[in-house]
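Read the structure below first, then the notes.
Keep in mind that this is a model prediction, so the values were computed, not measured. Order of the sequence lines fixes the chain letters, A, B, ..., with proteins taken first and strands second; residue numbering starts at 1 for each chain.
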Amino acid sequence: MNKKLIFATLAALLFAIPVTTWAQDNTVIIKLVGSQKPVMAVPDLRGSGTTQNFMGAFNDTLFGDLQNSGLFTMAPKGMYPLQVPQRPEDFRQPARPGESMGGLALADWASPPVSANFLATGYTAEQNGQIVLYGWLFDVGQPNLANAQILGKRYFGSGDEAGARSVAHQFAADILAHWGGISLYGTKIYFVSNRTGHKEIWSMDPDGSNQKQLTSFKSISIMPAISPDGSKLAFTSFASGNPAIFILSTETGRRLPFYNQRASLNATPDFTPDGKQILYASSASGYAQIYVANLDGSNLRRISSSRAIEVEPKVNPKTGNDIVFVSGRTGPQQIFRMNFDGTGVERLTNGEGEASNPSWNPNGEVMAFAWTRGFATGNFNIFLMDVASRDFNQLTHSEGRNENPSWAPDGRHLVFMSTRSGTHQIYTMLADGTQVHQLTSAGNNQTPVWGKAPNF
Amino acid sequence: MLLKRNWSVIWIAIALVVFAAGCKKKAAPPPPPPPPPKQEAAPPPPAAPDISEFSAEPSTIERGQSSTLRWTVTNANQITIDNGVGSVQASGSRSVYPNETTTYTLRAAGPGGALSKSATVTVTAPPPPPPPPAKPNLTERISALQDAYFDYDKSDIRDDARATLTKDADLLKAIFQDFPDAVITIEGHCDERGSAEYNLGLGDRRSTSAKDFLVQLGVAGDKLKTISYGKERPVCTESTEDCWQRCRHVHFSAGQ
């Protein structure tokens, strides 16, 4: 709480904007991204023998993972000393404090122009047809090597470019973990694409690579959700006539049984945090209302009870007891919260415009959502809200429609759909709205959801 | 009378023999003529033919039907009717099937002269046959049903939609009468502005509202299905008020 206050004051001073509005908004971001980032130096590593052929891919991957994490300020490579220590033995202690060793002293990296706090370094070699990475992380502010070494580890990968990328991802993951960060390596983004002529469910890696078609119903298959362990995909499909819920195993690609209750509409499924139940919207009783059922659709019960359209239930990943959902019970669609038994309904958005697409941050405190507040009807932008205080913050500004934000498992990144390029495409960004990357370009792509990859 | 005729025949015969003899031989001078027989009254001239009846009954027919010609003729030894009927007896009847209005002329000729009389059969076109039994097309019947339109974020039936759906109700009842097994789907659609998820729910409300209204007007509810396409199948994609209005509708299609 204290920390939050300090950050809020800091932000207010920095931007010299009245504390009451801006600071309140920004706390939502500071909680997720932080304000003081350590400065990280990551020189290009070299490989011995044939592994040198893959070091371009390796260095891009390592630098990208660390930069895209948003945890660090990356020291620009152009400022680095000429000599790079590749292992602990390479370091030299300067005879006099302040004397430059051309890169071989810890202080060479801590002092200007690099001014880094940390140095990630190492090298690769070929071993029995595999690539092996020796990776180290040093706190260059320390007076001696013994205190400076944070991480020293070997990583193995296949003897090709994919193996080089893999060891880079692993090394980056260990570095991120030191700051409590979660690597996005091993996560998948599931989304809807019409590039085949029909809306089908696709998957891709967090950097947009490896795009794969998962369904081929040649119908309308939309609104995917991924189970917490990444093993099951739920979505809404017209493949059997009326919109109904389909479950797919991400491991085998096969359909799993799900009992769709008799209704003109069963849609917008999501998994509970324990992965054992599915919440969805059904028109079984008239208006679309929120229901919960077992993974196979059995034991279903109605949760919400209103004469209004209610869709998109999302269970709080921390408590397992809060449900945020979209409802028209007070007029234009807004985001509401309720207990798992349907009691304690309260509106979270203030009634302005239209709000949709709530997505819980893994911390269970912040939700991302789409809101037309301040814009014409239909002109959605991505917002964050601290659900307890209802402080909110706008992340996208006047760049087409921006909808369907979904949190990465690291709780620091968002994937979303934007029409800023003229077509519907998928982008990622950091929770403060920076580091926007476009991931798709073929056809129209929408409703992304970010989760674990199966078997990872 | 008989005797008298016999005499005249004899006289004629004699005359002919004499004449023939005279032609043949110009030999001996002819004997003096015999005294003329005693002349009594000259035989009466033959009677003139008479057509006492020539009629067509009925005189007006529809094409393809028949009319009967009837006639009675006396004092004639040669009786014909034209237009393909040909020679006939002195009295009789004949059915004719003229394709168009025809005037039949009966001509009677005998020793006493010739005579003709006409009868006309007027032929009218029959009314056209009924169209062949309808081979009606369900798809065409369904496509005649009009879409009903909605306000933004609303599923209430507006006044214009009320009028449209009232007409649709009559058409639907007729369709279900002609096609007792037909099932018709009411599709609910939305414009692009709200979220795709919420619009699935909104399209569902629109199709249900339209169905409820039609059922109130007596359309069989068990023959009407509803489906929401939300904003997944827009009829147009421009971001204009006109296009948005066209997208906010219910549409009828053949049921699955």
Side-chain angles (χ1 to χ4, degrees), chain A residues 192 194 198-199 219-223 236 238 240-243 263-269 280-283 286-289 307-313 325-328 331-335 353-358 369-372 376-380 401 403-404 417 419 424 444 446-447, chain B residues 150-156 183-212 215 221-234 236-245 247-248 250-251 253-256:
Chain A
V192 172
N194 74 349
H198 294 95
K199 285 189 174 179
S219 172
I220 303 170
S221 297
I222 47 179
M223 300 167 190
T236 306
F238 289 70
S240 57
N242 277 60
S264 53
L265 174 74
N266 291 311
T268 69
Y280 63 98
S282 175
S283 64
Y287 283 82
Q289 293 284 293
R307 281 184 61 76
I309 296 159
E310 311 205 310
V311 291
E312 291 195 274
F325 62 104
V326 171
S327 172
Q333 59 183 102
Q334 297 285 311
I335 296 177
E354 295 176 335
S356 61
N357 310 148
F369 62 106
W371 203 1
T372 63
T377 307
N379 221 332
F380 286 97
R401 279 176 80 123
E403 292 178 79
N404 292 103
M417 186 286 297
T419 62
H424 293 68
N444 278 280
Q446 57 196 139
T447 52
Chain B
F150 294 83
D151 283 336
Y152 181 69
D153 197 12
K154 293 279 188 283
S155 56
D156 314 289
V183 173
I184 292 177
T185 298
I186 307 172
E187 304 174 357
H189 297 272
C190 306
D191 76 29
E192 63 170 0
R193 290 179 290 173
S195 74
E197 297 82 359
Y198 183 85
N199 276 334
L200 272 186
L202 180 59
D204 187 66
R205 287 310 307 160
R206 286 178 177 162
S207 56
T208 303
S209 293
K211 176 181 171 177
D212 290 349
V215 168
D222 59 347
K223 296 188 175 299
L224 295 173
K225 279 192 61 176
T226 60
I227 189 171
S228 171
Y229 283 104
K231 59 173 180 176
E232 301 298 329
R233 281 190 178 172
C236 52
T237 54
E238 304 91 63
S239 296
T240 62
E241 189 56 59
D242 175 63
C243 173
W244 291 331
Q245 176 60 86
C247 287
R248 296 191 302 264
V250 289
H251 178 74
S253 61
Q256 295 105 330

Non-hydrogen atoms of B:G201 and A:L265 that approach each other most closely
CA-CD2, 3.9 Å
Does any non-hydrogen side-chain atom of B:S228 lie less than 4.5 Å from one of A:N242?
no
Can you tell me how far apart OG (B:S195) and CZ (A:F369) are? Round to the nearest 0.5 Å.
13.0 Å
Separation between CG (B:N199) and CD (A:Q333), nearest 0.5 Å, reads 7.0 Å
Quick one: what part of A:A281 sits under 4.5 Å from any heavy atom of chain B, side chain, backbone, both or neither?
neither
Side chain, backbone, both or neither: which part of B:K231 has a non-hydrogen atom closer than 4.5 Å to chain A?
side chain
Would you mind telling me which of A:E403, A:E354, A:K199, A:E310 has the largest number of heavy-atom pairs within less than 4.5 Å of chain B?
A:E354
Considering residues at least two apart in sequence or located in another chain, which fulfil the side-chain hydrogen bond (donor to acceptor under 3.5 Å, both in side chains) criterion with A:S221?
A:S237
Minimum heavy-atom distance between B:I227 and A:P243, given as atom pair plus value
CG1-CD, 3.8 Å
Under the criterion side chain to side chain contact (heavy atoms under 4.5 Å, CB included), which of A:T447, A:T236, A:V326 is the partner of B:E197?
A:T447
Report the option among A:T268, A:N379, A:N404, A:T377 that has the most heavy-atom pairs separated by less than 4.5 Å from atoms of chain B.
A:T377
Suppose we screen for salt bridge (charged side-chain N to carboxylate O under 4.0 Å, His left out). Which residues come up paired with B:R205, at least two apart in sequence or across chains?
none
Indicate the atoms forming the closest heavy-atom contact of B:L200 with A:F238, along with that distance.
CD2-CZ, 4.0 Å
If I take atom CZ from residue B:R193 and atom OG1 from residue A:T372, how far apart are they, to the nearest 0.5 angstrom?
10.5 Å
If you look at every heavy atom in B:D153 and A:P332, which pair is closest and at what distance?
OD2-CA, 3.6 Å
